[in-house]
Amino acid sequence: MVNAQGKYVYDFHEGNAEMKALLGGKGANLAQMWQLGLPVPPGFIITTEACKKYWSDEQGLMDLIWPEVQEALARLEKVTQKTFGGGEMPLLVSVRSGAPVSMPGMMDTILNLGLNDDTVERLAVASGNRRFALDSYRRFIQMFSDVVLGIEIGEFEFLLNQTKRKRNLTHDHQIPADALEELIKNYKKVVKKSTGREFPSDPWEQLRKAVEAVFKSWNTQRAITYRRINKIPDTLGTAVSIVTMVFGNLGDDCGTGVCFTRNPSTGEKKLYGEFLINAQGEDVVAGIRTPEPIEELDSKMPKIAAELRAIANQLELYYKDMQDIEFTVERGKLYMLQTRNGKRTAKAAVRIAVSMLEEGLISSATAVTRVTPEQVEQLLHRQVDPDAVLDVLAKGLPASPGAAVGSVVFDADEAEQLGKDGKAVILVRPETTPDDIHGLFAAQGILTSHGGMTSHAAVVARGLGKPCVSGCEALEIDLAGNCFRVGGKIVRRGDIITVDGSHGRVMIGEIPLVQPSFDEDFRKLLAEADKHAVLQVWANGDTPEDARRARSFGAKGIGLCRTEHMFMAGERLPVMQEMIIAASREERMRALDKLRVMQTEDFLGILDAMEGYPVTIRLLDPPLHEFLPKENELRDRLRELTAAPSPENDAEAEKIQKTLAKVLSLKEVNPMLGFRGCRLGIIFPEIYEMQIRAIFDAACELVRQGKNVLPDVMLPLIGTQEEMRRLKQMVDDLAAEIMEKHKTSVHYLVGTMIEVPRAALIADKLAEYASFFSFGTNDLTQTTFGYSRDDAEGKFLAEYVRLHVLPENPFHVLDRTGVGRLMRIAVDDGRRVRSDIQIGICGEHGGNPESIAYCHELGLLYVSCSPFRIPVARLAAAHAALADSAPKK
Ligand code: PEP
Ligand code: MG
């Protein structure tokens, strides 16, 4: 009967896999297997609509659906020739919850529903195994009491253990029938004591209570929390599947098992799984007996094995994905209890996607969407073994993915020294500065107590592909004492630790790691991804080596070459300092001349390595004080020198005095908002002139060698049209002069970063002079929110996210509402003035999948990220395009 309100109960033959929203994932798949003619134990499903209605109209719903349930059960009795609550062979059922999306946290399964003092005896006779019947009953009472009646299972466990102790038994399955009888009596007493009522013996009452418990489980705290974390709507509701019980533990012609249609670790195309003869599902999970590999089934139950293999094939052909299957064999007959898309490792995900594509089972688009950007990330870096038991010492920000093991060092020089000796070290610092770069190079991993996702340590580590945990504020680093304290523990120099930059975790000791695998399948998958992506992926890279790596990962250009990084390496820093401290223009020009020679070499290397692709070279950006030693270090050294006067010490002291004076004169309260970027270029034009000369000398030289080089000169932190106009003029004038000198011409562009709100708001004005825009979303986020990128993440941002003041860390995931709005304005206004303006992004968001999706929406030409993130970005760009309904290229 279908009541006037609608239909709430579906037999398996009425459903299919497309009906997940109504029948839940589990129910829809059972129905689909039935439709495919597979041996599924008969059953029916109460819809998610009923659950939704239950929550809107609790009083009447159960009465409303009950006649339908009774009719469905009557049909079940007919097909199974069993009787619910009586008969020669009593009908027992399992009751399970099943939401439209897989959702742990909901009600656990109830098995053997329908047992009572009477039916248990009937089952004993029918099965010829009284012990089995009693044990099923005992388990049922415990399960039902736990999940439906809400009774703590501790008391049941206590009684069970007491029985075993009294009889000197180790395992549950050794408990004889008479002891089980006694146990059942005692179990019922627990129920009476806890609820004040007898354990429900009426199977109909059992069923009604179980169904209601499933509905209730939709809104338990566990389920609500899980939904919130996984962004699952609260409105979906859960279905209830009610399925005839089949038993795998009635003898040696019975059994139970689980298998995957392909290997879930490697992706190999081969049935993979295990089974146990004469057992129930629980026995497999409990681990009392060791299950046998599925291959053994071929010899133990050849007919069943052949049938299972055929079904596995059929299911894969139907679902076009690797299936995770549960089955039971009851007295020589195979039953399928469940099928669903199987969970798999990142490596298996790639293998399966590529081989299913090659087998013609799935399309290229499907293959690409089968692998997530997070899985790609796992494949690119060493990871903490997911099976390792972890005792996490401290948590910080997941600043650069991958994991590393090494001994703790607190000093960059020592890291370099030990690194040269082939030792694995983790550089631990309150924060890193350009002075530490050699230590970052040498270390296996980096750990800082301060600084956020765009801190020096984080940016450099990502560029180098090294794991980094930053902003680990719980660490109290004592540099003088060569140790750090955290949670009452002390970790000293030389102690081994593991840093997990993918999850921001720090552990003491050596945790086993899994190796990365950038294999042929991976390359094939990314090649497929490129066919769908609209966005190009460029790289942020500062050296020829970065450029080569970027190309090998598939970059189509360099979107940001931070020239300051070139000045931070060993022998260059002193020259840079010489230039900054110079007392006269002549002195400064001498130092700049030396720097120009070095820069020309840099640009020759990087332009050459990227031949055929654009290289966006950003002129000097950071405040000059970043290249100078710290004030307190200088003062300390000065004290040492003046305490021990000598001609050499006096000379050094004089030099330090000069440096100190410069440091003090450059000191700013807010250096990030201060004298940096294009402001430097306007006030000290010599620096930019030197860089522009180096760029065009290098480019002309390469053009003369017949190479196709494409330098784009990028101006940082532009905020006014006049800044843009003047500096563009400077580039054009010098470029013309140098090309004339070399008697050749170079194709180049001049453009700007958009990294302060004003730049976005006057994009139309800037576009009059700029041929390209590149969104520097690190600074744009900092200046739009007014959050210091060096401080906010360590101080309050994590708390803001925890308290839901912000949905995400905006330095990690682009803030579409605010920063994104500015980007939109800049894109629209810029294009209005210059329709072919080239627009990309080079802030750290360029490697973040959610932010990449927004860049796709904005119609940017490219995203630029560190070379190691390129594969992630290529896949994310493809996903964004595939998710977009607009016509694909
Ligand atoms: C930015 O601000 O987004 C950017 C790429 O520049 P930097 O991080 O070097 O300031
Ligand atoms: Mg910037």
Side-chain angles (χ1 to χ4, degrees), residues 399-400 431-434 437 451-463 470 538-542 546 557-568 615-624 626-627 670-681 691 712 714-719 723 751-760 772-793 809-815 818-820 822-823 826 839-848 851-852 854-855 860 862-867 869 873:
S400 178
E431 67 231 325
T432 63
T433 67
I437 191 82
M453 298 289 286
T454 58
S455 62
H456 177 263
V459 172
V460 175
R462 279 197 291 274
S470 67
W538 293 16
N540 292 356
D542 314 323
D546 284 344
I558 294 284
L560 172 62
C561 172
R562 289 179 167 101
T563 48
E564 64 270 18
H565 288 178
M566 299 169 173
F567 299 129
M568 287 165 184
V615 177
T616 315
I617 299 168
R618 178 177 75 182
L619 303 184
L620 195 69
D621 178 53
L624 294 180
E626 282 196 12
F627 299 95
N670 284 318
M672 276 307 226
L673 298 178
F675 193 19
R676 57 174 285 225
C678 63
R679 301 156 204 172
L680 282 172
Q691 291 195 294
D712 292 349
M714 181 155 77
L715 306 166
L717 233 66
I718 293 276
E723 286 169 336
T752 177
M753 296 187 77
I754 303 284
E755 45 186 349
V756 295
R758 194 172 193 280
F772 68 88
F773 288 163
S774 175
F775 289 106
T777 44
N778 304 333
D779 272 309
L780 193 57
T781 301
Q782 160 167 268
T783 49
T784 301
F785 276 91
Y787 294 165
S788 156
R789 61 195 257 197
D790 292 328
D791 300 313
E793 289 177 281
N809 174 347
F811 288 105
H812 191 200
V813 180
L814 189 85
D815 157 53
V819 178
L822 285 168
M823 291 168 75
I839 311 182
I841 179 174
C842 65
E844 295 302 309
H845 302 90
N848 168 260
S851 313
I852 291 171
Y854 186 66
C855 295
L860 303 194
Y862 66 87
V863 294
S864 187
C865 55
S866 74
R869 291 195 69 82

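Numbering of ligands and ligand atoms starts at 1, following listing order. Because the structure is a prediction, the values reported are computed rather than measured. As a basis for the values below, the full set of heavy atoms in this structure was taken, side chains included, without hydrogen atoms, waters or symmetry mates. The chain is numbered in sequence order, starting from 1.
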Q. Does R676 come within less than 4.0 Å of ligand 1, judged by its heavy atoms?
A. yes
Q. Which of the atoms of ligand 1 are close to M753, meaning less than 4.0 Å from one of its heavy atoms?
A. 4 (C), 5 (C), 6 (O)
**Q.** Considering all heavy atoms, the nearest P671-R676 contact
**A.** O-CD, 3.7 Å
Q | Shortest protein heavy-atom distance from atom 9 (O) of ligand 1, along with the residue and atom involved | A | R562 NE, 2.7 Å
Q) Hey, does D779 come in under 3.5 Å of ligand 1, counting only N/O atoms on both sides? A) yes
Q. Taking only heavy atoms of L560, which atoms of ligand 1 are found under 4.0 Å from at least one of them?
A. 5 (C)
Q. Which of the N/O/S atoms in E755 sits closest to the Mg ion (ligand 2)?
A. OE1
Q. Can you tell me the N, O or S atom of D779 that's nearest the Mg ion (ligand 2)?
A. OD2
Q. Any idea which atoms of ligand 1 are less than 4.0 Å away from a heavy-atom of R789?
A. 2 (O), 7 (P), 8 (O), 10 (O)
Q) Which of the atoms in ligand 1, numbered in the order shown and given with their element, are less than 4.0 Å from a heavy-atom of D621? A) 10 (O)
(Q) Checking a contact table here: which protein heavy atom is nearest atom 6 (O) of ligand 1, and how many Å away? (A) R618 NH1, 2.9 Å
Q) Taking only heavy atoms of T777, which atoms of ligand 1 are found under 4.0 Å from at least one of them? A) 3 (O)
